[in-house]
Every structure is written in C-alpha cells, then in structure tokens.
Amino acid sequence: MGLGSRVVVVMTVVTLLSMTTVVMAVEGGEDSLDCALDSVGKCYNKPKALRLKIIAIASILVASMLGVCLPLFSRSIPALRPDKNLFVIVKAFASGVILSTGFMHVLPDSFEMLLSPCLPSNPWQKFPFSSFVSMLSAVGTLMLDSFSMAFYKRRQGEKVEAVEGESRGHVEMIPAVHGHCHGPSGLAEEKEGGPENTLRRNRVIAQVLEFGIVVHSVVIGLSMGASESPCTIQPLVAALCFHQFFEGMGLGGCILQAEYGLRTKAIMVFFFAITTPFGIALGIGLSHVYRDNSPTSLIVIGLLNASSSGLLIYMALVDLLAADFLGHKLQGNVKLQGFGYVAVFLGMGGMSLMAVWA
C-alpha cells in the first residue's frame, strides 16, 4: 500500500470515528431533556444562526486552504524556503498556536463537558478523566512515534541487507582494487544517516499531527453546527478562521518538510481544509435531533477532546518546538533562537486570547 493510500485510509477512519460519535450522541439525545433545554438560552434565533453557519463554512474553508497551502508554495519565495530563517520563525509561531490550541481550547472544553452537572457525579466529578485521558493520549502518541520510526528503520535495514547481499556476490567475482571508494557498507551508513532519518521522522510527524487536528476539527465543527444561538456562533466564526489559518500553517510546514508527492500533499490539504466545514454541515443536518448537553454526547465528545489535547500538546512540544529549538540550526544562532521564542509566545498569546470568544 502506497503512502497516499495509507493517508486516505487514516483520514477515512477519522471520518467514520466522527460519524460514530454523532450517532452515539444522537442516540443519547433523549437522556437528559432538561439539560438540553437549559443549553438553548435566551439568544435563540434559528434562521440567523443558519446564515452565520453558512458564512462560517465558506470563511473557514478559505482560511484553512490559505493557511495549509502557504507553506507548500513557499519554495517559490526564497525567503520562505525551509532552510531560511523566516520559515523557522513562522513555523515557531504556528507551533505556538497548536500548543495553545491543546492547552487553552481543547483541554478546557473536555473539562467543561466531563464535569457538567448533566452527568452523574459518580464517577465523572470524582476523578479527573480529562487530564487522565490527555496524559494517556500523549504517551500513546509517543508510542506511535517510536514504533513508526522503528518500523521504517527496520524496513530500510532489510533493504540495505538485500543490497549488500547482492553486492557481495558481485564483489567475489571482481579482483581487489586498491584505492578509496564507498562500498556497500558505506552506502548502508549513508542510508541510515541523518537526512534519511530526518525525512522519515518528518513524515511520521506530519501524519500524526494531521490525525490529531482532524479529530478535534470535526468535533469543533459539530458543536458549532448544532448550535442555534447566534450569540455563540458569531464570535466563533472569526476565532475559528484565525485558528484554522495558523494551525494550517503549522501543518503545511510539516507537510512541506516531509517532501511528499503532489497526490499525498493534495489529500492531506483536502482533509485538513474540509473537516471543520464538514463538521458544521453535519451539525446543521442533525441539529433537530443532536443534543450537545445530553450525557452521551458530553462523555463521547469530552473524551475525544481530551485525547486530541494530549496529542496536540505532545506534537507541539516534542516534535515541533523541541525538534527545532534543540536542533543544530537554532542552537548555533542565539539571535534566531530569541526571535523564535518571541514568535512562539506571540502564537500562544494570540490563540489564548481567542479563548475569550471561543
């Protein structure tokens, strides 16, 4: 199975997961009618809310496409190429946005849902499930990172051994030649060296990061699409456009460094751009039966948010920020390192400010 096919399979699984979440939430929609009615509030205007949601679908789609595609076209702009300082600063800003998304948006939403008075106090208010699931998700992402890299290295090692075996058969038939040359062992060392490992690592990072972003994007879109409150939706439109644009830049930078082919890039861009609008459309279609304050939906979506937060926090800290700031380029340039940290704090600050409205 090719890389593009694997990406399609993963994204399809995520979409099916989101559909399962919706079905479970709809089935549990009758569990607690009082809580569902309490969530309507005074600001209820279904026609106005629908207009805002249609605007949100279009604007978020455009913002997502722009954000994720900008880094992919940066090779035509010399200052924004991956080996340039400006690219490092922009990527640091986007990494700050992703980190803040995990800490300031996704994890607090999980706490709010799993500590809701609509859920029974035992066990939901007696144990911090959000923190626990987020922690498990972070370690699970580490395991996925580790096993993926081990798998790629083992597969590459098998290829190198096959090449060495063929080469030995030819070498036995050729007289010894004096001088300096790179034989099969030298080739193996080169193949197992830095550039090849870095490329594999970048590809694992891009796929895992997209997985986490897609999961929480569907959940965010579903919540907005199911809401009938213009007071809730209106500030969310601008906040989510900002969120998707800069989160897309972070993902686009990872896709660029992974050096995928055009088909795989197109698949990953498509799934990132379409997931939040898809969630909104899904929420609109099911708004008459979906209850975001029913116990079932609170539990399922709360646990999904907790899982996404752990994945995003791990990816932002370990695979993006630590990989860059502890790497050779920034360690050898203190001035660039300082600008990078400023960019990280600006990204975290801007996204944290969005928590006032979203």
Between [atom1] on residue [X] and [atom2] on residue [Y], distance to nearest 0.5 Å:
{"X": "Phe272", "Y": "Cys69", "atom1": "CZ", "atom2": "SG", "result": "10.0 Å"}
{"X": "Met104", "Y": "Ser309", "atom1": "CE", "atom2": "OG", "result": "13.0 Å"}
{"X": "Ile233", "Y": "Arg51", "atom1": "CD1", "atom2": "CZ", "result": "11.0 Å"}
{"X": "Leu52", "Y": "Ile57", "atom1": "CG", "atom2": "CD1", "result": "11.5 Å"}

Quick check: does any side chain N or O of [X] sit under 3.5 Å from a backbone N or O of [Y], one acting as donor and the other as acceptor?
{"X": "Tyr260", "Y": "Arg203", "result": "yes"}
{"X": "Ser64", "Y": "Ile60", "result": "yes"}
{"X": "Ser146", "Y": "Leu142", "result": "no"}
{"X": "Ser134", "Y": "Ser130", "result": "no"}

Heavy-atom closest pair, residues Val97 and His243: CG1-O, 4.5 Å

Ile301 versus Leu222, closest heavy-atom pair with distance: CD1-CD2, 4.0 Å

Qualifying residues under side chain to side chain contact (heavy atoms under 4.5 Å, CB included), relative to Ala94, sequence neighbours excluded: Met249

Residue pairs involving residues 224-249 (criterion salt bridge (charged side-chain N to carboxylate O under 4.0 Å, His left out); sequence neighbours excluded):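 The answer is Lys53-Glu228.
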
Neighbour count above 12 (heavy atom, 6.0 Å) for Phe270 CZ: no

Met65 atom CE, over 12 foreign heavy atoms within 6.0 Å: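 Not more than 12 within 6.0 Å, no.
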
Hydrophobic cluster of Phe111, others only, ordered by chain and residue number, side-chain cut-off 4.5 Å: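 For the cluster that includes Phe111, the remaining residues are Leu107, Leu115.
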
Candidate pair Phe147 and Phe151, rule ring-ring contact (aromatic ring centres under 6.0 Å, His included), full reasoning: CA-CA 6 Å; Phe147 287 136; Phe151 169 76; over 10 Å; no

Carboxylate-amine/guanidinium contact Asp324 Lys329, below 4.0 Å: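 No salt bridge links Asp324 with Lys329.
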
Listed partners of Ser217 passing side-chain hydrogen bond (donor to acceptor under 3.5 Å, both in side chains), at least two apart: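 Residues passing side-chain hydrogen bond (donor to acceptor under 3.5 Å, both in side chains) with Ser217: none at all.
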
Partner set under side-chain hydrogen bond (donor to acceptor under 3.5 Å, both in side chains) for Ser95, not counting sequence neighbours: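 If we apply the side-chain hydrogen bond (donor to acceptor under 3.5 Å, both in side chains) test to Ser95, skipping adjacent residues, there are no hits.
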
Sequence neighbours excluded, every pair satisfying ring-ring contact (aromatic ring centres under 6.0 Å, His included) that has a member inside residues 321-350: Phe325-Tyr341

